[in-house]
Amino acid sequence: MRYPSCVSTAAFTRISSHVNPPGARITLHNPPVNVIDIPMMEQLSEAVSEAEVRADIATIVFTGGDKVFSGGVDIAAHTPDRVDEMLRKFHAIFRALVSSRKVLVAAVHGHCLGGGAELAMICDIVITSETALWGFPEISLGCFPPVAAVALAAVVGQKQAADLILTGRKFDGLEARFLGLANYAVPDHQVKEKLDELLARLAKLSPSTLALTKKSLYAWDSMHFDKGLARAEKIYLEELMRTEDAREGIQAFLEKRDVHWTGK
């Protein structure tokens with residue numbers, strides 16, 4: 001099959017997707033902080049699927065632009081009438097990425113929080129600015145991040161994962177590099193240069209060999225990830241979202257007021 005040398009998909013409203021073999025680039029675009037709402041989830045899934053089927057594509061780059069990666073998943077989508085759809089569509093992205101045979105790269109500026117940090121975490125190679133703001137702060141809303149709960153320990157170790165998820169603390173790009181969430185931490189103005197350098201190196205390699213290497217690389221493969229995520233989803237929907245504290249945390253955030261925990 002012959003492919004056009006460069007394709008830009010303009011139909012998307014929350015992202016932009018550019019294909020220029022041997023690479024594809026997906027840019028989050030939902031100002032001001034690239035919140036991942038349900039339309040963005042659907043568009044991310046579509047863009048990833050389009051790149052995945054192309055044999056001439058070896059890499060997929062995720063970026064949020066020069067100022068922000070992503071502030072995380074839309075809190076309004078955590079309400080009881082929407083949370084099931086939100087989790088299903090958000091996690092569909094990660095199931096596709098974990099089984100992807102493309103080299104996944106994230107270039108991170110600014111906020112990289114919650115679902116945004118999970119998206120960067122799942123990538124093979126991450127370049128972050130030293131001053132980027134990382135974190136998995138869902139616990140402060142009375143929730144937890146299911147993807148990170150399943151996969152973060154494989155990236156940073158069990159103790160570090162517990163610290164980051166249970167405290168919800170934020171940290172900079174330098175610490176992200178120290179923890180193993182990022183491969184490179186560079187000054188903000190050098191992120192693009194480092195990304196271009198990396199992509200130039202990968203462009204010299206065989207897409208088919210990279211794909212087969214990806215297939216054999218990870219100890220936590222697609223099957224184990226899917227099983228763990230299914231269990232985390234069940235806990236999230238059937239236990240967590242039935243607690244008063246989860247409902248209170250989300251509502252307090254939406255109403256911009258202090259939270260009042262009851263332990264119920």
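The residues of the chain are indexed from 1 along the displayed sequence.
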Steps toward salt bridge (charged side-chain N to carboxylate O under 4.0 Å, His left out) verdict (E244, R247): CA-CA 5 Å; E244 293 180 11; R247 294 192 294 270; 5.1 Å; no
Without swapping roles, check the side chain of [X] against the backbone of [Y] for a donor-acceptor pair under 3.5 Å.
X: T213; Y: T209; answer: yes
X: K102; Y: I57; answer: yes
X: D56; Y: P21; answer: no

Provide the closest heavy-atom pair for [X] versus [Y] in the form atom of the first, atom of the second, distance.
X: T243; Y: K264; result: CB-O, 3.6 Å
X: P146; Y: E118; result: N-OE2, 4.0 Å
X: I36; Y: M41; result: O-CE, 3.6 Å
X: T128; Y: A182; result: CG2-CB, 3.6 Å
X: F12; Y: S17; result: CE1-CB, 3.9 Å
X: A132; Y: V108; result: CB-CG1, 4.0 Å

Measure the [atom1]-[atom2] distance between [X] and [Y] for me, rounded to the nearest 0.5 Å.
X: L205; Y: T59; atom1: CG; atom2: OG1; answer: 10.5 Å
X: H189; Y: S129; atom1: NE2; atom2: OG; answer: 11.5 Å
X: K215; Y: L210; atom1: NZ; atom2: CG; answer: 15.0 Å
X: S45; Y: E50; atom1: OG; atom2: CD; answer: 11.0 Å
X: L28; Y: T63; atom1: CG; atom2: OG1; answer: 7.5 Å
X: L113; Y: S70; atom1: CG; atom2: OG; answer: 8.0 Å

Do the side chains of [Y] and [X] get nearer than 4.5 Å, heavy atoms only?
X: L119; Y: F69; value: yes
X: V147; Y: F225; value: yes
X: E130; Y: R177; value: no
X: V259; Y: D245; value: no
X: L181; Y: V156; value: yes
X: R231; Y: V150; value: no
X: V68; Y: P32; value: no
X: S16; Y: I26; value: no

Heavy atoms from other residues, nucleotides or ligands near NE2 of H78 exceed 12 (cutoff 6.0 Å):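 Atom NE2 in H78 is packed in, count exceeds 12.
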Residues, nucleotides or ligands: over 12 heavy atoms within 6.0 Å of K192 NZ: no
Pairs where residues 244-264 contributes a residue and the test ring-ring contact (aromatic ring centres under 6.0 Å, His included) is met, not counting sequence neighbours: none
Worked verdict on F90 versus D74 for side chain to side chain contact (heavy atoms under 4.5 Å, CB included): CA-CA 11 Å; F90 188 51; D74 183 14; over 6 Å; no
Partners passing salt bridge (charged side-chain N to carboxylate O under 4.0 Å, His left out) against D37 (at least two apart in sequence or in another chain):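 For D37, the residues satisfying salt bridge (charged side-chain N to carboxylate O under 4.0 Å, His left out) (neighbours in sequence not counted) are R14.
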Side chain to side chain contact (heavy atoms under 4.5 Å, CB included) between L199 and R25, worked out: CA-CA 11 Å; L199 295 179; R25 184 176 302 225; 3.8 Å; yes
Is there a path of hydrophobic side-chain contacts, each under 4.5 Å between heavy atoms of I/L/V/M/F/W/Y residues, joining [Y] to [X]?
X: V83; Y: I75; answer: yes
X: V155; Y: L97; answer: yes
X: V103; Y: F94; answer: no
X: Y184; Y: W134; answer: no
X: V191; Y: I125; answer: yes

F136 and F171 aromatic ring geometry - parallel, tilted or perpendicular at 30°/60° bounds: tilted
D163/K159 ion pair, N-O < 4.0 Å: no
Salt-bridge contact E248-R257 (side-chain N to carboxylate O under 4.0 Å):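 Answer for the salt bridge query: yes.
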Option passing side chain to side chain donor-acceptor pair (under 3.5 Å) with E85 (candidates R82, R88, K89):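 The residue from R82, R88, K89 that satisfies side chain to side chain donor-acceptor pair (under 3.5 Å) with E85 turns out to be K89.
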